[in-house]
Number of protein chains: 2
Amino acid sequence: MRADATRNRARIVQAARDLMADHGLDAGMDEIAARAGVAVGTVYRHFPAKSDLIAAIVAERVQQMAAALDALQARISAGADARTEIVAFANDVAARMGEDRALKAAAGDLLRPSLSSVEGQARDTLAAVVAAGHRQRALYSDVTAHDLALLFTTMPGEEVTESDRRRWLALALRGILTTPDR
Amino acid sequence: MRADATRNRARIVQAARDLMADHGLDAGMDEIAARAGVAVGTVYRHFPAKSDLIAAIVAERVQQMAAALDALQARISAGADARTEIVAFANDVAARMGEDRALKAAAGDLLRPSLSSVEGQARDTLAAVVAAGHRQRALYSDVTAHDLALLFTTMPGEEVTESDRRRWLALALRGILTTPDR
DNA sequence: ACCTGAACACCGTTCAAGT
DNA sequence: ACCTGAACACCGTTCAAGT
């Protein structure tokens, strides 16, 4: 790969990331190309279709999510309370879901069988978290990692009020977390 | 309104209903016009934008939902078990949600303050159902009609497997229904 | 090998001309 | 009053020509 090609590719992804953070996933390809300082054809040389460019952005979110899950799992295996940690993590995801449509797609990737290595890692860590949740009797015994991914993907985004999103999360958590003994 | 105008309007809505049932909400305006036997301009005379035409289809779903809720409420006040009826209703909605994106939007309409008369009716009936659920101790005491509408709108559609949709519903119901005493 | 940018296809929307 | 359909705007995608 030629040096300028590598540089262009990075610039394109950067431009797409920036523009999609503001205008959502429907930022124009011409706009992205302009911001990256290349012609549209160059964008298409690196990403055959817009959906491929979006997939690249989504993959970044998967990576972030995998990292966040690793940290979560580390805290739990270091002795932290699984319930508290899971609730906090879910709240974090919910807070970001309001502005970031790529995040929702990232969670959706964990539902499908085609797993890239990062997706596989995220999924494994999620399974470890769920196992810990079971050991601590924080999660209902029938709840799986797939269930958590399912709830994360269906978590409402911008289409709903922030208070509605919080309320939704409270109901969803009640579906997977056992009632804490007091 | 001229006789042909009334007829055209009905034809356009019919065509949109048919095409959107198959190809989803992204059926083309030209396609709809052709099927209705009118020119595109005529479609735009009756519906200033495509979103207005979609709104008309969504309004039909709201109406259907209001009718279904009335029937539900009638059964409950005639002595039926609230839990059983609510679960059955939710399953019905979930089964249709897989093929019908307008249905999801219809549930979303119940979340927003701007209520048409049909929306208001649907909302009132839903509130009555929830009240009955409370009296029978089937729903958690903090659950509201708004909560039910919220869950209906966020219920996953075509983007998810049918079995995932069923599982999602089971988890969601666990968030609002009390554990039945055995 | 990779980049450029004009051109094409598609679809929502408009508007001058018709009845 | 309402309808017609060619034309416009916008955006994803392609491709012949350039380096």
Side-chain angles (χ1 to χ4, degrees), chain A residues 1-61 100-102 104-105 108-109 158-159, chain B residues 1-61 100-102 104-105 108-109 158-159:
Chain A
M1 195 140 150
R2 237 164 56 179
D4 55 345
T6 326
R7 190 160 21 93
N8 281 339
R9 197 191 147 90
R11 277 188 186 168
I12 290 165
V13 173
Q14 177 69 42
R17 194 164 33 217
D18 292 350
L19 288 172
M20 288 181 175
D22 294 357
H23 309 72
L25 299 181
D26 40 43
M29 291 296 265
D30 286 300
E31 210 182 351
I32 292 171
R35 174 148 185 150
V38 300
V40 232
T42 306
V43 177
Y44 279 92
R45 164 158 266 266
H46 291 279
F47 303 94
K50 187 179 180 179
S51 57
D52 296 307
L53 184 51
I54 291 178
I57 304 294
V58 170
E60 293 187 340
R61 291 291 174 285
D100 191 349
R101 273 162 66 192
K104 195 166 188 168
D109 277 6
E158 315 141 330
E159 72 268 19
Chain B
M1 194 141 150
R2 239 163 58 180
D4 55 344
T6 326
R7 187 158 25 90
N8 281 338
R9 197 193 147 89
R11 278 186 186 168
I12 290 167
V13 174
Q14 176 70 41
R17 194 163 33 216
D18 293 350
L19 288 172
M20 288 180 176
D22 295 356
H23 309 72
L25 299 181
D26 41 42
M29 291 297 265
D30 286 299
E31 210 183 349
I32 292 171
R35 174 149 185 150
V38 300
V40 231
T42 306
V43 176
Y44 279 92
R45 162 158 268 266
H46 290 279
F47 303 94
K50 188 179 180 180
S51 56
D52 296 308
L53 183 50
I54 292 178
I57 304 294
V58 170
E60 293 187 339
R61 291 291 173 285
D100 190 351
R101 273 162 67 192
K104 195 166 189 168
D109 277 7
E158 316 140 330
E159 72 269 19

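In what follows, chains are A, B, ... by sequence order, proteins preceding strands, each numbered from 1. Below, all heavy atoms of this structure are taken into account, side chains as well, without hydrogens, waters or symmetry copies.
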Between [N] ([atom2]) and [X] ([atom1]): distance, integer Å:
| X | N | atom1 | atom2 | result |
| --- | --- | --- | --- | --- |
| B:Asp30 | C:dT13 | CG | C1' | 10 Å |
| B:Tyr44 | C:dA16 | OH | C1' | 18 Å |
| B:Met29 | D:dC10 | CE | P | 18 Å |
| A:Arg45 | D:dG12 | CZ | C1' | 19 Å |
| B:Arg9 | D:dC3 | CZ | C1' | 16 Å |
| B:Asp4 | D:dC3 | CG | P | 5 Å |
| A:Met20 | D:dC11 | CE | C1' | 13 Å |
| A:Ile54 | D:dT13 | CD1 | C1' | 14 Å |

Whether A:Asn8 contacts C:dC3 is assessed here as follows: a side-chain N or O lying under 4.0 Å from the phosphate OP1 or OP2. Is that the case?
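For C:dC3, OP1/OP2 do have a side-chain N/O of A:Asn8 under 4.0 Å.
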
Side-chain N or O of B:His46 less than 4.0 angstrom from OP1 or OP2 on D:dC3?
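Checking D:dC3 against B:His46, a side-chain N or O does come within under 4.0 Å of OP1 or OP2.
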
Would you please say whether a donor-acceptor pair under 3.5 Å links the side chains of A:Gln14 and A:Arg17?
yes

One pair to check against side-chain contact (heavy atoms from CB on, under 4.5 Å): B:Val13 and B:Glu60. What are the steps and the verdict?
CA-CA 10 Å; B:Val13 174; B:Glu60 293 187 339; 3.6 Å; yes

Taking every heavy atom of B:Ala102 against every heavy atom of B:Ile57, the minimum-distance pair comes out as CB-CG2, 4.3 Å

Mapping B:Gly41 and B:Arg2 onto DNA chain D by nearest heavy atom, which one lands closer to the 5' end?
B:Arg2

Selected nucleotide, minimal atom distance to A:Lys50 side chain, candidates C:dT13, C:dG5, D:dT13:
D:dT13

Counting side-chain heavy atoms from CB outward, which of C:dT4, D:dC3, C:dG12 is closest to B:Ala5?
D:dC3

Under 4.0 Å, heavy atoms only, any strand: does A:Val38 hit a base, just the sugar-phosphate, or nothing?
sugar-phosphate

Which base, if any, makes a Watson-Crick or G-U wobble pair with D:dA7, both distances under 3.5 Å?
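Pairing partner, where one exists within any strand: C:dT13.
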
Watson-Crick or G-U wobble partner of C:dG18, both distances under 3.5 Å
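In the structure as shown, C:dG18 has D:dC2 as its Watson-Crick or wobble partner.
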
Are the side chain of A:Asp18 and the backbone of A:Ala15 linked by a donor-acceptor contact shorter than 3.5 Å?
no

I'd like to check B:Ile54 versus B:Met20 (side-chain heavy atoms, cut-off strictly below 4.5 Å). Are they in contact?
yes

